Protein chains: 2
Amino acid sequence: MSIAHLVDDDEAIRDALSWLLRSRGISSESWDSAEAFLADYRDGMRGCLILDIRMGAISGPELFAQLRARGCRMPAIFLTGHGDVPQAVDAIKKGAFDFIEKPFNDNELADRVIAAMQADAELFSAAATTAGIEARLALLTTREREVMERVLAGKFNKVIADELNIAMRTVEVHRSRVFEKMGVRSAVDLAQILAQLAKPDQTSS
Amino acid sequence: MSIAHLVDDDEAIRDALSWLLRSRGISSESWDSAEAFLADYRDGMRGCLILDIRMGAISGPELFAQLRARGCRMPAIFLTGHGDVPQAVDAIKKGAFDFIEKPFNDNELADRVIAAMQADAELFSAAATTAGIEARLALLTTREREVMERVLAGKFNKVIADELNIAMRTVEVHRSRVFEKMGVRSAVDLAQILAQLAKPDQTSS
DNA sequence: TTCGCCCCTGCGGAAATCCACAATGGCGTC
DNA sequence: GACGCCATTGTGGATTTCCGCAGGGGCGAA
(Lines give C-alpha, C1' and ligand atoms only; values in the text may rest on other atoms or scores of the structure.)
Protein backbone atom coordinates (compact mmCIF):
# COMPACT_ATOMS: atom_id res chain seq x y z
CA MET A 1 0.00 0.00 0.00
CA SER A 2 1.40 3.33 -0.98
CA ILE A 3 0.28 6.37 0.92
CA ALA A 4 0.81 10.11 0.88
CA HIS A 5 3.07 11.34 3.66
CA LEU A 6 1.88 14.71 4.75
CA VAL A 7 4.14 17.02 6.73
CA ASP A 8 2.69 20.40 7.65
CA ASP A 9 2.56 22.32 10.86
CA ASP A 10 -0.89 23.67 10.12
CA GLU A 11 -3.53 21.28 11.37
CA ALA A 12 -6.22 22.80 9.15
CA ILE A 13 -4.17 22.07 6.06
CA ARG A 14 -3.40 18.55 7.19
CA ASP A 15 -7.05 17.84 7.78
CA ALA A 16 -8.17 19.39 4.52
CA LEU A 17 -5.58 17.51 2.54
CA SER A 18 -6.14 14.16 4.13
CA TRP A 19 -9.86 14.57 3.57
CA LEU A 20 -9.32 15.56 -0.03
CA LEU A 21 -7.04 12.64 -0.70
CA ARG A 22 -9.31 10.18 1.05
CA SER A 23 -12.15 11.33 -1.19
CA ARG A 24 -9.99 10.31 -4.15
CA GLY A 25 -9.15 6.98 -2.67
CA ILE A 26 -5.68 7.96 -1.56
CA SER A 27 -4.75 7.15 2.00
CA SER A 28 -2.43 9.45 3.87
CA GLU A 29 -0.63 9.88 7.11
CA SER A 30 0.24 13.20 8.72
CA TRP A 31 3.02 14.69 10.81
CA ASP A 32 3.09 18.14 12.31
CA SER A 33 6.83 18.71 11.93
CA ALA A 34 9.85 17.57 10.00
CA GLU A 35 11.36 16.22 13.21
CA ALA A 36 8.33 14.07 13.85
CA PHE A 37 8.46 12.66 10.37
CA LEU A 38 12.19 12.00 10.51
CA ALA A 39 11.64 10.07 13.72
CA ASP A 40 9.11 7.84 11.99
CA TYR A 41 10.91 7.57 8.68
CA ARG A 42 11.98 4.11 7.65
CA ASP A 43 13.84 2.99 4.59
CA GLY A 44 11.56 1.43 2.06
CA MET A 45 8.60 3.69 2.71
CA ARG A 46 6.43 3.91 -0.36
CA GLY A 47 4.19 6.60 -1.78
CA CYS A 48 4.90 10.29 -1.95
CA LEU A 49 5.73 13.26 0.23
CA ILE A 50 3.65 16.39 0.57
CA LEU A 51 5.74 18.93 2.39
CA ASP A 52 5.02 22.41 3.57
CA ILE A 53 7.78 24.89 2.81
CA ARG A 54 7.67 26.84 6.02
CA MET A 55 7.72 24.80 9.17
CA GLY A 56 9.33 25.03 12.56
CA ALA A 57 13.02 24.37 12.89
CA ILE A 58 13.38 22.25 9.75
CA SER A 59 11.83 23.52 6.55
CA GLY A 60 10.29 21.35 3.85
CA PRO A 61 13.24 21.64 1.48
CA GLU A 62 15.64 20.86 4.29
CA LEU A 63 13.62 17.84 5.29
CA PHE A 64 13.62 16.73 1.68
CA ALA A 65 17.38 17.12 1.46
CA GLN A 66 17.88 15.07 4.62
CA LEU A 67 15.60 12.34 3.37
CA ARG A 68 17.42 12.20 0.08
CA ALA A 69 20.68 11.94 1.95
CA ARG A 70 19.20 8.99 3.83
CA GLY A 71 18.36 7.28 0.58
CA CYS A 72 14.69 8.20 0.35
CA ARG A 73 13.56 8.49 -3.27
CA MET A 74 9.87 9.24 -2.74
CA PRO A 75 8.59 11.96 -5.06
CA ALA A 76 7.98 15.18 -3.11
CA ILE A 77 5.34 17.80 -3.69
CA PHE A 78 6.00 21.10 -1.96
CA LEU A 79 3.27 23.40 -0.77
CA THR A 80 3.93 27.06 -0.31
CA GLY A 81 1.78 29.93 0.81
CA HIS A 82 3.71 32.75 -0.75
CA GLY A 83 4.82 32.39 -4.31
CA ASP A 84 8.57 32.21 -3.97
CA VAL A 85 10.02 31.68 -7.44
CA PRO A 86 13.67 31.13 -6.44
CA GLN A 87 12.65 28.55 -3.90
CA ALA A 88 10.44 26.78 -6.42
CA VAL A 89 13.22 26.74 -9.00
CA ASP A 90 15.66 25.45 -6.46
CA ALA A 91 13.33 22.71 -5.28
CA ILE A 92 12.61 21.41 -8.75
CA LYS A 93 16.28 21.47 -9.66
CA LYS A 94 16.99 19.38 -6.60
CA GLY A 95 14.58 16.76 -7.73
CA ALA A 96 11.24 17.77 -6.25
CA PHE A 97 8.33 16.30 -8.11
CA ASP A 98 6.25 19.46 -7.94
CA PHE A 99 5.88 22.79 -6.25
CA ILE A 100 2.36 24.07 -5.66
CA GLU A 101 1.08 27.33 -4.28
CA LYS A 102 -1.60 27.61 -1.66
CA PRO A 103 -4.44 28.01 -2.02
CA PHE A 104 -4.39 25.08 -4.36
CA ASN A 105 -7.01 23.75 -6.66
CA ASP A 106 -8.30 20.48 -5.21
CA ASN A 107 -8.50 18.67 -8.51
CA GLU A 108 -5.09 19.70 -9.63
CA LEU A 109 -3.45 18.78 -6.38
CA ALA A 110 -5.10 15.38 -6.34
CA ASP A 111 -3.94 14.80 -9.89
CA ARG A 112 -0.39 15.73 -8.99
CA VAL A 113 -0.45 13.42 -6.01
CA ILE A 114 -1.68 10.59 -8.17
CA ALA A 115 1.05 11.32 -10.69
CA ALA A 116 3.60 11.30 -7.89
CA MET A 117 2.30 7.97 -6.69
CA GLN A 118 2.70 6.61 -10.14
CA ALA A 119 6.22 7.98 -10.39
CA ASP A 120 6.99 6.24 -7.13
CA ALA A 121 5.66 2.98 -8.49
CA GLU A 122 7.87 3.27 -11.53
CA LEU A 123 10.85 4.18 -9.42
CA PHE A 124 10.14 1.20 -7.24
CA SER A 125 10.01 -1.31 -10.01
CA ALA A 126 13.16 0.15 -11.53
CA ALA A 127 14.86 0.01 -8.15
CA ALA A 128 13.75 -3.59 -7.73
CA THR A 129 15.63 -4.68 -10.79
CA THR A 130 18.78 -2.74 -9.97
CA ALA A 131 18.61 -4.03 -6.42
CA GLY A 132 18.54 -7.53 -7.82
CA ILE A 133 21.60 -6.85 -9.89
CA GLU A 134 23.44 -5.36 -6.96
CA ALA A 135 22.50 -8.28 -4.78
CA ARG A 136 23.99 -10.69 -7.27
CA LEU A 137 27.03 -8.48 -7.60
CA ALA A 138 27.52 -8.73 -3.88
CA LEU A 139 27.73 -12.49 -4.12
CA LEU A 140 30.88 -12.33 -6.18
CA THR A 141 34.18 -13.06 -4.50
CA THR A 142 37.05 -10.60 -4.80
CA ARG A 143 38.80 -12.65 -7.40
CA GLU A 144 35.66 -13.03 -9.43
CA ARG A 145 35.18 -9.28 -9.44
CA GLU A 146 38.74 -8.76 -10.60
CA VAL A 147 38.20 -11.16 -13.44
CA MET A 148 34.84 -9.60 -14.29
CA GLU A 149 36.32 -6.14 -14.61
CA ARG A 150 38.83 -7.38 -17.11
CA VAL A 151 36.29 -9.38 -19.02
CA LEU A 152 34.21 -6.22 -19.33
CA ALA A 153 37.28 -4.44 -20.59
CA GLY A 154 37.19 -6.89 -23.48
CA LYS A 155 40.41 -8.65 -22.55
CA PHE A 156 41.18 -12.21 -23.52
CA ASN A 157 41.34 -14.83 -20.83
CA LYS A 158 45.00 -15.21 -21.65
CA VAL A 159 45.71 -11.56 -20.96
CA ILE A 160 43.67 -11.63 -17.77
CA ALA A 161 45.61 -14.67 -16.63
CA ASP A 162 48.87 -12.81 -17.18
CA GLU A 163 47.68 -9.72 -15.35
CA LEU A 164 46.54 -11.69 -12.34
CA ASN A 165 49.43 -14.15 -12.50
CA ILE A 166 47.18 -17.18 -12.56
CA ALA A 167 46.54 -19.94 -15.07
CA MET A 168 44.13 -19.39 -17.93
CA ARG A 169 42.06 -22.26 -16.65
CA THR A 170 41.50 -20.46 -13.39
CA VAL A 171 40.31 -17.40 -15.23
CA GLU A 172 37.85 -19.53 -17.13
CA VAL A 173 36.48 -20.93 -13.92
CA HIS A 174 36.03 -17.50 -12.37
CA ARG A 175 34.55 -16.19 -15.53
CA SER A 176 31.94 -18.87 -15.78
CA ARG A 177 31.13 -18.51 -12.09
CA VAL A 178 30.58 -14.78 -12.62
CA PHE A 179 28.18 -15.51 -15.46
CA GLU A 180 26.41 -18.07 -13.35
CA LYS A 181 26.04 -15.84 -10.32
CA MET A 182 24.96 -12.88 -12.39
CA GLY A 183 22.43 -14.95 -14.25
CA VAL A 184 23.73 -14.14 -17.70
CA ARG A 185 25.08 -16.33 -20.45
CA SER A 186 27.54 -14.07 -22.19
CA ALA A 187 29.87 -11.17 -21.55
CA VAL A 188 27.62 -9.03 -23.71
CA ASP A 189 24.64 -9.64 -21.46
CA LEU A 190 26.78 -8.82 -18.47
CA ALA A 191 27.88 -5.53 -19.98
CA GLN A 192 24.31 -4.62 -20.70
CA ILE A 193 22.82 -5.29 -17.31
CA LEU A 194 25.69 -3.46 -15.65
CA ALA A 195 25.21 -0.55 -18.03
CA GLN A 196 21.60 -0.15 -17.03
CA LEU A 197 22.64 -0.20 -13.41
CA ALA A 198 24.68 2.97 -13.85
CA LYS A 199 21.87 4.68 -15.66
CA PRO A 200 19.04 6.09 -13.52
CA ASP A 201 16.34 7.56 -15.74
CA GLN A 202 14.72 10.77 -14.76
CA THR A 203 10.93 11.13 -14.82
CA SER A 204 9.09 14.34 -14.10
CA SER A 205 5.65 15.93 -14.41
CA MET B 1 33.33 31.32 -29.46
CA SER B 2 30.31 30.83 -27.27
CA ILE B 3 28.00 33.74 -26.76
CA ALA B 4 24.81 34.56 -24.89
CA HIS B 5 21.76 34.73 -27.13
CA LEU B 6 19.44 37.35 -25.79
CA VAL B 7 15.79 37.40 -26.82
CA ASP B 8 13.66 40.13 -25.27
CA ASP B 9 11.20 42.61 -26.72
CA ASP B 10 12.30 45.32 -24.33
CA GLU B 11 15.21 47.25 -25.76
CA ALA B 12 16.18 48.64 -22.39
CA ILE B 13 16.59 45.16 -20.99
CA ARG B 14 18.56 43.99 -24.00
CA ASP B 15 20.92 46.92 -23.68
CA ALA B 16 21.34 46.56 -19.96
CA LEU B 17 22.02 42.86 -20.23
CA SER B 18 24.42 43.05 -23.08
CA TRP B 19 26.31 45.78 -21.25
CA LEU B 20 26.37 43.75 -18.06
CA LEU B 21 27.62 40.65 -19.83
CA ARG B 22 30.21 42.56 -21.78
CA SER B 23 31.56 43.95 -18.54
CA ARG B 24 32.10 40.35 -17.44
CA GLY B 25 33.78 39.40 -20.65
CA ILE B 26 30.79 37.59 -22.10
CA SER B 27 29.80 38.52 -25.60
CA SER B 28 26.16 38.46 -26.55
CA GLU B 29 23.83 38.95 -29.45
CA SER B 30 20.28 40.24 -29.20
CA TRP B 31 16.94 39.69 -30.90
CA ASP B 32 13.75 41.58 -30.25
CA SER B 33 11.39 38.66 -30.83
CA ALA B 34 11.23 34.90 -30.87
CA GLU B 35 10.44 35.01 -34.57
CA ALA B 36 13.57 37.00 -35.28
CA PHE B 37 15.69 34.54 -33.34
CA LEU B 38 14.13 31.52 -34.99
CA ALA B 39 14.92 33.02 -38.36
CA ASP B 40 18.58 33.34 -37.41
CA TYR B 41 18.83 30.07 -35.51
CA ARG B 42 21.27 27.55 -36.90
CA ASP B 43 22.06 24.09 -35.68
CA GLY B 44 25.31 23.98 -33.84
CA MET B 45 24.98 27.37 -32.22
CA ARG B 46 26.95 27.49 -28.99
CA GLY B 47 26.54 29.35 -25.74
CA CYS B 48 23.32 29.93 -23.85
CA LEU B 49 19.89 31.43 -24.22
CA ILE B 50 18.47 34.27 -22.18
CA LEU B 51 14.78 34.45 -22.90
CA ASP B 52 12.10 36.79 -21.72
CA ILE B 53 8.92 35.05 -20.67
CA ARG B 54 6.44 37.51 -22.10
CA MET B 55 7.04 38.49 -25.67
CA GLY B 56 4.91 39.14 -28.73
CA ALA B 57 3.32 36.23 -30.49
CA ILE B 58 5.73 33.57 -29.27
CA SER B 59 6.60 33.46 -25.58
CA GLY B 60 9.96 32.50 -24.15
CA PRO B 61 8.89 29.04 -23.09
CA GLU B 62 7.30 28.43 -26.46
CA LEU B 63 10.44 29.52 -28.22
CA PHE B 64 12.43 27.21 -25.99
CA ALA B 65 10.15 24.30 -26.81
CA GLN B 66 10.49 24.95 -30.53
CA LEU B 67 14.23 25.15 -30.29
CA ARG B 68 14.38 21.91 -28.36
CA ALA B 69 12.21 20.31 -31.01
CA ARG B 70 14.72 21.48 -33.57
CA GLY B 71 17.52 19.84 -31.69
CA CYS B 72 18.88 22.85 -29.85
CA ARG B 73 20.40 21.91 -26.50
CA MET B 74 21.67 25.29 -25.35
CA PRO B 75 20.98 25.94 -21.67
CA ALA B 76 18.20 28.52 -21.30
CA ILE B 77 17.79 31.13 -18.61
CA PHE B 78 14.33 32.63 -18.41
CA LEU B 79 13.65 36.12 -17.25
CA THR B 80 10.30 37.08 -15.86
CA GLY B 81 8.87 40.30 -14.53
CA HIS B 82 6.12 38.90 -12.38
CA GLY B 83 6.92 35.97 -10.16
CA ASP B 84 4.90 33.19 -11.68
CA VAL B 85 5.63 30.02 -9.72
CA PRO B 86 3.74 27.53 -11.92
CA GLN B 87 5.51 28.86 -14.98
CA ALA B 88 8.87 28.62 -13.27
CA VAL B 89 8.20 25.07 -12.14
CA ASP B 90 7.08 24.11 -15.59
CA ALA B 91 10.10 25.67 -17.25
CA ILE B 92 12.60 23.92 -15.00
CA LYS B 93 10.85 20.60 -15.41
CA LYS B 94 11.11 21.01 -19.14
CA GLY B 95 14.82 21.43 -18.90
CA ALA B 96 15.38 25.16 -18.48
CA PHE B 97 18.71 25.94 -16.88
CA ASP B 98 17.34 28.69 -14.68
CA PHE B 99 14.40 30.98 -14.10
CA ILE B 100 15.14 34.43 -12.77
CA GLU B 101 12.88 37.25 -11.69
CA LYS B 102 13.31 40.85 -12.77
CA PRO B 103 14.65 42.98 -11.38
CA PHE B 104 17.63 40.71 -11.12
CA ASN B 105 20.83 41.07 -9.20
CA ASP B 106 23.61 41.80 -11.68
CA ASN B 107 26.16 39.60 -10.01
CA GLU B 108 23.86 36.66 -9.66
CA LEU B 109 22.67 36.83 -13.20
CA ALA B 110 26.18 37.02 -14.55
CA ASP B 111 27.12 34.02 -12.44
CA ARG B 112 24.19 32.05 -13.75
CA VAL B 113 25.09 32.93 -17.31
CA ILE B 114 28.64 31.80 -16.75
CA ALA B 115 27.35 28.56 -15.24
CA ALA B 116 25.10 28.08 -18.25
CA MET B 117 28.03 28.63 -20.58
CA GLN B 118 29.95 26.01 -18.71
CA ALA B 119 27.03 23.59 -18.90
CA ASP B 120 26.94 24.18 -22.62
CA ALA B 121 30.61 23.40 -22.90
CA GLU B 122 30.13 20.12 -21.04
CA LEU B 123 27.13 19.26 -23.14
CA PHE B 124 29.15 19.98 -26.22
CA SER B 125 32.01 17.73 -25.38
CA ALA B 126 29.62 14.97 -24.39
CA ALA B 127 27.71 15.45 -27.61
CA ALA B 128 30.92 15.27 -29.58
CA THR B 129 31.60 11.75 -28.44
CA THR B 130 28.04 10.53 -28.94
CA ALA B 131 27.97 12.21 -32.33
CA GLY B 132 31.03 10.22 -33.25
CA ILE B 133 29.33 7.01 -32.27
CA GLU B 134 26.18 7.88 -34.15
CA ALA B 135 28.19 8.81 -37.19
CA ARG B 136 29.82 5.40 -37.20
CA LEU B 137 26.47 3.78 -36.61
CA ALA B 138 25.16 5.54 -39.68
CA LEU B 139 27.84 3.91 -41.80
CA LEU B 140 26.44 0.45 -41.14
CA THR B 141 24.39 -1.20 -43.84
CA THR B 142 20.94 -2.58 -43.06
CA ARG B 143 22.18 -6.11 -42.89
CA GLU B 144 25.03 -5.15 -40.62
CA ARG B 145 22.61 -3.48 -38.26
CA GLU B 146 20.42 -6.57 -38.18
CA VAL B 147 23.39 -8.69 -37.33
CA MET B 148 24.61 -6.22 -34.74
CA GLU B 149 21.29 -6.24 -32.91
CA ARG B 150 21.45 -9.99 -32.58
CA VAL B 151 25.06 -9.98 -31.55
CA LEU B 152 24.14 -7.52 -28.80
CA ALA B 153 21.37 -9.87 -27.79
CA GLY B 154 24.14 -12.38 -27.06
CA LYS B 155 23.15 -14.79 -29.78
CA PHE B 156 25.57 -17.17 -31.42
CA ASN B 157 26.48 -16.64 -35.04
CA LYS B 158 24.82 -19.91 -35.79
CA VAL B 159 21.50 -18.73 -34.36
CA ILE B 160 21.77 -15.42 -36.13
CA ALA B 161 22.41 -17.21 -39.38
CA ASP B 162 19.25 -19.25 -38.87
CA GLU B 163 17.17 -16.20 -38.03
CA LEU B 164 18.32 -14.30 -41.07
CA ASN B 165 18.37 -17.35 -43.32
CA ILE B 166 21.96 -16.82 -44.37
CA ALA B 167 25.13 -18.81 -43.98
CA MET B 168 27.16 -18.55 -40.80
CA ARG B 169 30.10 -17.32 -42.78
CA THR B 170 28.08 -14.36 -43.95
CA VAL B 171 27.16 -13.50 -40.39
CA GLU B 172 30.82 -13.60 -39.47
CA VAL B 173 31.62 -11.20 -42.27
CA HIS B 174 28.93 -8.74 -41.21
CA ARG B 175 29.93 -9.08 -37.63
CA SER B 176 33.53 -8.26 -38.24
CA ARG B 177 32.58 -5.38 -40.49
CA VAL B 178 30.41 -3.97 -37.72
CA PHE B 179 33.31 -4.15 -35.30
CA GLU B 180 35.58 -2.55 -37.83
CA LYS B 181 33.23 0.31 -38.64
CA MET B 182 32.41 0.93 -35.00
CA GLY B 183 36.05 0.93 -34.07
CA VAL B 184 35.76 -1.77 -31.41
CA ARG B 185 37.40 -5.12 -31.08
CA SER B 186 34.81 -7.14 -29.20
CA ALA B 187 31.08 -7.42 -28.71
CA VAL B 188 31.58 -6.29 -25.13
CA ASP B 189 33.15 -3.02 -26.24
CA LEU B 190 30.30 -2.51 -28.65
CA ALA B 191 27.70 -3.04 -25.94
CA GLN B 192 29.46 -0.54 -23.73
CA ILE B 193 29.77 2.29 -26.19
CA LEU B 194 26.17 1.84 -27.25
CA ALA B 195 25.09 1.84 -23.63
CA GLN B 196 26.70 5.20 -23.02
CA LEU B 197 24.97 6.53 -26.09
CA ALA B 198 21.54 5.86 -24.59
CA LYS B 199 22.53 7.55 -21.36
CA PRO B 200 22.50 11.37 -21.45
CA ASP B 201 23.72 12.70 -18.11
CA GLN B 202 21.83 15.53 -16.55
CA THR B 203 23.64 18.53 -15.17
CA SER B 204 22.00 21.45 -13.43
CA SER B 205 22.93 24.33 -11.20
C1' DT C 1 29.55 -0.70 -69.67
C1' DT C 2 32.75 -0.51 -66.07
C1' DC C 3 33.34 0.43 -61.29
C1' DG C 4 32.06 0.35 -56.56
C1' DC C 5 29.27 -1.24 -52.90
C1' DC C 6 26.48 -4.63 -50.80
C1' DC C 7 25.03 -9.28 -49.85
C1' DC C 8 26.02 -13.85 -50.17
C1' DT C 9 28.89 -18.36 -49.68
C1' DG C 10 32.61 -21.99 -49.13
C1' DC C 11 37.18 -23.78 -47.34
C1' DG C 12 40.40 -24.27 -43.92
C1' DG C 13 43.12 -23.06 -40.09
C1' DA C 14 44.50 -20.42 -35.82
C1' DA C 15 42.78 -18.80 -31.62
C1' DA C 16 39.45 -18.49 -27.92
C1' DT C 17 35.65 -20.00 -25.38
C1' DC C 18 32.96 -23.46 -22.87
C1' DC C 19 32.79 -27.37 -20.02
C1' DA C 20 32.98 -31.92 -17.59
C1' DC C 21 36.09 -34.52 -14.82
C1' DA C 22 39.56 -34.52 -11.42
C1' DA C 23 42.46 -32.57 -7.73
C1' DT C 24 45.28 -29.63 -4.21
C1' DG C 25 45.78 -26.26 -0.45
C1' DG C 26 44.22 -22.45 2.63
C1' DC C 27 40.92 -20.78 5.90
C1' DG C 28 37.18 -20.41 8.99
C1' DT C 29 33.22 -22.67 11.28
C1' DC C 30 30.76 -26.02 13.90
C1' DG D 1 38.63 -32.89 12.70
C1' DA D 2 34.99 -32.79 9.23
C1' DC D 3 32.77 -29.67 6.20
C1' DG D 4 32.20 -25.76 3.21
C1' DC D 5 33.90 -22.04 0.52
C1' DC D 6 37.49 -20.05 -2.11
C1' DA D 7 41.36 -19.99 -5.25
C1' DT D 8 44.05 -22.68 -7.94
C1' DT D 9 45.52 -25.93 -11.83
C1' DG D 10 45.49 -29.71 -15.36
C1' DT D 11 43.63 -32.69 -19.37
C1' DG D 12 41.02 -33.12 -23.21
C1' DG D 13 37.40 -32.31 -26.23
C1' DA D 14 33.30 -29.82 -28.25
C1' DT D 15 31.94 -25.42 -29.82
C1' DT D 16 32.63 -20.77 -31.41
C1' DT D 17 34.98 -17.01 -32.99
C1' DC D 18 38.20 -14.78 -36.08
C1' DC D 19 40.21 -14.30 -40.50
C1' DG D 20 42.49 -14.73 -45.06
C1' DC D 21 41.65 -16.48 -49.56
C1' DA D 22 38.45 -16.97 -53.30
C1' DG D 23 34.32 -16.19 -55.73
C1' DG D 24 29.23 -15.09 -57.50
C1' DG D 25 25.14 -12.01 -58.24
C1' DG D 26 22.54 -7.57 -57.90
C1' DC D 27 22.29 -2.64 -58.38
C1' DG D 28 23.16 2.16 -59.03
C1' DA D 29 26.41 5.79 -60.50
C1' DA D 30 29.75 7.62 -63.66
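Predicted model, so just to flag it, every value in this text is computed and none were measured. Below, chains carry the letters A, B, ... as their sequence lines are ordered, and counting in each starts from 1.
- Qualifying side-chain contact (heavy atoms from CB on, under 4.5 Å) partners for B/Ala110, counting only residues two or more places apart in sequence or in other chains: B/Arg24.
- Under the 4.0 Å criterion applied to side-chain N and carboxylate O atoms, B/Arg175 and B/Glu172 are not assigned as salt-bridge partners.
- In this structure the side chain of A/Leu21 reaches within 4.5 angstrom of the side chain of A/Ile50, judged on heavy atoms.
- A salt bridge between A/Lys102 and A/Asp52 is present, with a side-chain N of the basic residue lying under 4.0 Å from a carboxylate O of the acidic one.
- Classification of the A/Trp31-A/His5 ring pair by plane angle, with boundaries at 30° and 60°, yields parallel.
- Note that CD of A/Glu149 is 8.5 Å distant from CG of A/Leu152, once rounded to the nearest 0.5 Å.
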Using a cut-off of under 3.5 Å, enumerate the N/O to N/O pairs linking the protein to nucleotides 27-29 of chain C.
none

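- Between A/Arg185 and B/Thr142, the residue whose closest nucleotide on DNA chain C is further toward the 5' end is B/Thr142.
- A donor-acceptor distance shorter than 3.5 angstrom exists from the side chain of B/Glu144 to the backbone of B/Thr141, with no hydrogens or angles considered.
- Straight-line distance from the CZ atom of B/Arg177 to the P atom of C/dC6: 8 Å, rounded to whole Å.
- Across all their heavy atoms, A/Ala34 and A/Val7 have their closest contact at N-CG1, 3.9 Å.
- Terminal axes of the helix from C/dT1-D/dA30 to C/dC30-D/dG1 (five pairs each, C1' rotation axis) are separated by 40°, to the nearest 10°.
- Residues in residues 69-80 of chain B take part in no side-chain hydrogen bond (donor to acceptor under 3.5 Å, both in side chains) pair, two or more places apart or across chains.
- Counting non-hydrogen atoms under 4.0 angstrom, A/Thr141 reaches the backbone sugars and phosphates but no base.
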Set out, line by line, the N/O atom pairs under 3.5 Å between protein and nucleotides 10-17 of chain C.
residue, atom, partner, partner atom, Å
C/dG10, O6, B/Arg169, NE, 3.4
C/dC11, N4, B/Arg169, NE, 2.8
C/dA16, OP2, A/Lys158, NZ, 3.4
C/dT17, OP1, A/Asn157, N, 3.3
C/dT17, OP2, A/Asn157, ND2, 3.3

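- Between C/dC6 and B/His174, no contact under 4.0 Å exists linking OP1 or OP2 to a side-chain N or O.
- Contact between the side-chain N/O atoms of A/Ser176 and the OP1/OP2 oxygens of C/dC19 is not found at any separation under 4.0 Å.
- Salt-bridge annotation for B/Lys93 and A/Asp98: present, with a side-chain N of the basic residue lying under 4.0 Å from a carboxylate O of the acidic one.
- Under a 4.0 Å N-O distance rule, the pair B/Arg14/B/Asp32 does not qualify as a salt bridge.
- A ring-centre distance under 6.0 Å is not found for B/Phe78 and B/Phe97.
- Scanning DNA chain D 5' to 3' for nucleotides with an atom closer than 4.0 angstrom to a non-hydrogen atom of chain B gives a first and last hit of D/dT16 to D/dC21.
- The nearest whole Å value for the distance from the CD atom in B/Glu144 to the P atom in C/dC6 is 7 Å.
- A distance-only check finds no donor-acceptor pair linking the side chain of B/Lys158 to the backbone of B/Met168 [under 3.5 Å].
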